[in-house]
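Here's the structure we're looking at; comments come further down.
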Amino acid sequence: MAKKTDVLIVGGGSIGLNAAYYLLKAGRSVTLVDQAKIAAGSSAGNAGHVVPSHIVPLAAPGIIGTALKWMLDPANSPFGMRISLDPAYLSWLWQFALACSEANVQRAIPPLKALGLLSAQNFADLVAAEKFDCHYRPTGLLFLYKTQTAFDGGKHEAELLHQNGMPAEVLDQAAVHQREPAALADVIGGVHFTGDASLNPAVFLQQLAARVRQMGAELVEDAGVSGYETQAGRITTVRTAAQEYQPAQVVLAAGAWSPEAARGLGLNLPVQAARGYSLTMRATRQMPQQALLLGERRVAVTPLGDLLRFTGRLELSGLDTRVQPRHIAGIEKAVREYIQLDEKFEIQETWAGLRPTTPDGLPLLGVSARCPNLIVATGHAMLGLSLGPGTGQIVAELANGQKPAFDPSPLRPERF
Ligand SMILES: Cc1cc2nc3c(=O)[nH]c(=O)nc-3n(C[C@H](O)[C@H](O)[C@H](O)COP(=O)(O)OP(=O)(O)OC[C@H]3O[C@@H](n4cnc5c(N)ncnc54)[C@H](O)[C@@H]3O)c2cc1C
């Protein structure tokens with residue numbers, strides 16, 4: 001028999017769990033279903049960077065040329081793409097190419113900045129209020145550069161942040177080595193985005209899942225959504241592998257799987273999976289002092305208490321979460337080009353996850369025009385951890401018919 005529920009959330013990653021938390025705080029009842037394990041999917045093994053400084057979307061001028069150049073060196077490339085004639089994939093690529101313009105960057109900055117700052121504030125408040133012990137460190141993100149061209153790009157980004165009233169400190173060679181003693185001698189400069197933070201994403205999400213359970217949410221694992229019944233556009237029934245639900249409202253937060261999870265609702269959600277990898281080890285003798293991003297290689301380094309994690313690569317992969325050992329080796333090699341590391345370390349975990357990526361680099365967030373009791377919250381690409389708490393708050397405000405903290409209309413889910 002179908003179970004009556006208030007809000008049914010589809011997906012238990014960063015976005016679904018944050019939506020659950022803010023909905024519960026706003027007085028709603030929540031059931032969250034996941035096709036696999038909760039707090040374990042694409043959100044768990046990521047770099048753990050909370051980056052309001054990331055106000056420039058992936059779809060920006062010059063990115064296609066850079067990506068093609070990278071692909072000439074497949075062993076070291078931070079980017080890869082599958083060859084496929086899948087019409088949804090080809091259409092996504094075409095829309096992405098069209099979006100790589102200065103106009104798209106200017107259009108994207110205000111909502112990315114608003115959502116990023118709201119999320120960063122919510123992270124600080126949430127971690128403090130709930131006393132989460134997840135290695136949250138509001139000490140910024142330090143970019144390291146080895147070439148003048150990349151350093152100039154970093155300075156340009158710092159300038160863009162200043163124009164938008166956000167902090168970024170440009171560091172010359174002496175200053176960068178003082179800030180990060182583990183940097184190798186040929187690192188020539190850095191930019192420290194001091195408003196950023198880092199944490200252990202898996203630990204944060206496990207604690208968030210435990211907290212929303214305690215607040216009364218029902219979290220159901222191995223309960224993939226397989227179909228819907230609708231009446232005049234409204235979703236009346238959601239079928240899952242566990243059971244059927246009759247929700248008042250539905251939140252779609254299924255990450256890279258969102259187009260599949262919404263199948264049957266007639267929505268156009270151009271989300272492609274962009275796979276990335278991480279390797280995690282016990283703390284090394286020579287630990288970096290803070291969260292780093294290795295400029296030319298686009299590899300992230302995150303100290304997580306007694307762990308150290310390296311993260312990298314973006315591959316338009318389809319829904320494939322297999323770990324490719326040669327890319328894990330490539331990431332480690334890249335890290336050794338920038339910082340001092342123990343000669344040998346024991347890898348504790350290798351991991352692959354899928355970034356849910358839209359053609360214009362902005363999330364899909366808002367009430368569906370087609371299904372008025374559906375809120376879409378997906379497409380956060382490389383920022384789904386960072387933008388989680390702000391997205392959760394906006395979802396709760398939209399669900400309760402309140403004025404959202406900022407105007408999310410540039411993110412409306414059916415804009416394509
Ligand atoms: C290598 C790497 C590094 C990254 N580093 C960072 C970082 O430092 N900072 C940052 O902000 N972001 C980072 N990201 C991006 C971030 O991990 C993603 O944006 C984020 O995981 C997306 O969260 P989500 O909740 O939308 O999706 P997910 O975490 O993928 O969660 C979606 C959930 O939906 C479930 N699901 C799917 N289909 C169904 C269905 N039919 N029914 C029910 N449930 C379903 C899945 O099982 C999954 O648990 C990184 C990503 C990668 C790959």
Side-chain angles (χ1 to χ4, degrees), residues 8-20 32-52 54 78 115-116 119-120 123 141 196-202 204-205 209 219-228 238-242 250-264 271 273-279 291 293 298-302 309-315 317 319 321 323 327-328 331 350-358 363-365 376-392:
L8 181 79
I9 300 176
V10 181
S14 161
I15 302 302
L17 286 169
N18 276 291
L32 184 152
V33 294
D34 198 294
Q35 68 176 1
K37 299 294 168 223
I38 283 159
S42 300
S43 299
N46 70 34
H49 292 174
V50 175
V51 279
H54 278 41
L115 188 54
S119 296
F123 253 118
L141 177 64
D196 292 350
S198 61
L199 48 73
N200 185 323
F204 169 75
L205 292 175
L219 307 187
V220 192
E221 300 188 323
D222 304 317
V225 168
S226 55
Y228 302 87
V238 179
R239 284 192 291 277
T240 78
V250 179
V251 178
L252 177 68
W257 294 266
S258 294
E260 292 209 337
R263 188 162 293 152
V271 174
R275 181 170 55 188
Y277 305 92
S278 70
L279 59 153
L293 217 134
R298 309 280 168 121
V299 165
V301 175
T302 322
R309 176 169 294 163
F310 308 152
T311 320
R313 209 165 147 89
L314 187 149
E315 298 169 342
S317 55
L319 296 171
T321 54
V323 175
H327 294 313
I328 296 289
I331 290 169
T350 57
W351 174 90
L354 303 179
R355 306 172 183 90
T357 310
T358 61
L364 306 173
L365 176 58
V376 177
T378 187
H380 293 74
M382 39 230 290
L383 299 174
L385 174 78
S386 192
L387 301 180
T391 300

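Quick note: residue numbers are just sequence positions, from 1. In listed order, ligands and their atoms are each counted from 1.
- Here the OG-CZ distance, from Ser43 to Phe204, works out to 10.0 Å after rounding to the nearest 0.5 Å.
- Polar contact with ligand 1: absent for Val10 (N/O pair, distance under 3.5 Å).
- The single protein non-hydrogen atom nearest to atom 44 (N) of ligand 1 is Gln35 N, 3.0 Å, given as residue, atom name and distance.
- Of the polar atoms of Ile15, at least one N or O is found under 3.5 Å from an N or O of ligand 1, judged by distance alone.
- Separation of atoms CG (Leu8) and OG1 (Thr240) is listed at 8.0 Å; rounding is to 0.5 Å.
- Residues Gly13 and Asp34 approach most closely at N-OD2, 4.4 Å, considering heavy atoms.
- Within the model, atoms CZ of Arg275 and CZ of Arg355 stand 11.0 Å from one another, a figure rounded to the nearest 0.5 Å.
- Taking every non-hydrogen atom of Thr311 and a distance limit under 4.0 Å, the qualifying atoms of ligand 1 come out as 1 (C), 2 (C), 3 (C).
- With hydrogens left out, the protein atom closest to atom 12 (N) of ligand 1 is Met382 O, 2.9 Å, a heavy atom.
- To the nearest 0.5 Å, atom CG of residue Leu319 and atom OG of residue Ser317 are 7.5 Å apart.
- Nearest heavy atom pair, residue Ala44 against residue Trp351, reads N-CZ2, 4.3 Å.
- From the protein, the heavy atom lying nearest to atom 51 (C) of ligand 1 is Arg355 CG, 3.5 Å.
- When hydrogens are left out, the protein atom nearest atom 19 (O) of ligand 1 is Ala381 O, 2.6 Å; that is the closest non-hydrogen contact.
- The Leu383 neighbourhood of ligand 1 comprises atoms 10 (C), 11 (O), 12 (N), with distances under 4.0 Å to a heavy atom of that residue.
- The closest donor-acceptor contact from the side chain of Ser278 to the backbone of Gly45 lies under 3.5 Å.
- Comparing Gly12, Ser278, Ala47 by heavy-atom distance to atom 5 (N) of ligand 1, the nearest is Ala47.
- Listed by number with element, the atoms of ligand 1 under 4.0 angstrom from any heavy atom of Ala253 are 32 (C), 34 (O).
- Looking at atom 11 (O) of ligand 1, its nearest protein heavy atom turns out to be Ser386 N, 2.6 Å.
- Of the N and O atoms on the side chains of Ser386 and His54, not one donor lies less than 3.5 Å from an acceptor on the other residue.
- Residue Gly224 approaches ligand 1 through these ligand atoms, each under 4.0 Å from one of its heavy atoms: 42 (N), 43 (C).
- Here the CG-CD1 distance, from Leu205 to Ile38, works out to 11.0 Å after rounding to the nearest 0.5 Å.
- Contact atoms of ligand 1 toward Gly48: 7 (C), 8 (O) (distance under 4.0 Å to a heavy atom of the residue).
- Close contacts of ligand 1 with Trp257, meaning ligand atoms under 4.0 Å from a residue heavy atom, involve 30 (O), 37 (C), 38 (N).
- Looking only at heavy atoms of the protein, atom 27 (O) of ligand 1 is closest to Gly255 CA, 3.3 Å.
- Nearest to atom 29 (O) of ligand 1 by heavy-atom distance, out of Ser43, Ala40, Ser42, is Ser43.
- Shortest contact from atom 49 (O) of ligand 1 to any protein heavy atom: Asp34 OD2, 2.6 Å.
- A donor-acceptor contact shorter than 3.5 Å links the side chain of Thr378 to the backbone of Gly255.
- Within ligand 1, counting atoms from 1 as listed, the ones closer than 4.0 Å to a heavy atom of Gly276 are 1 (C), 53 (C).
- Here is the list of ligand 1 atoms found below 4.0 Å of a heavy atom in Tyr277: 1 (C).
- Looking at Arg309, His49, Lys37, His54 and measuring to atom 9 (N) of ligand 1, the nearest heavy atom belongs to His49.
- Closest protein heavy atom to atom 53 (C) of ligand 1: Gly353 O, 3.3 Å.
- We find the CZ-OG1 distance between Phe310 and Thr302 to be 9.5 Å, quoted to the nearest 0.5 Å.
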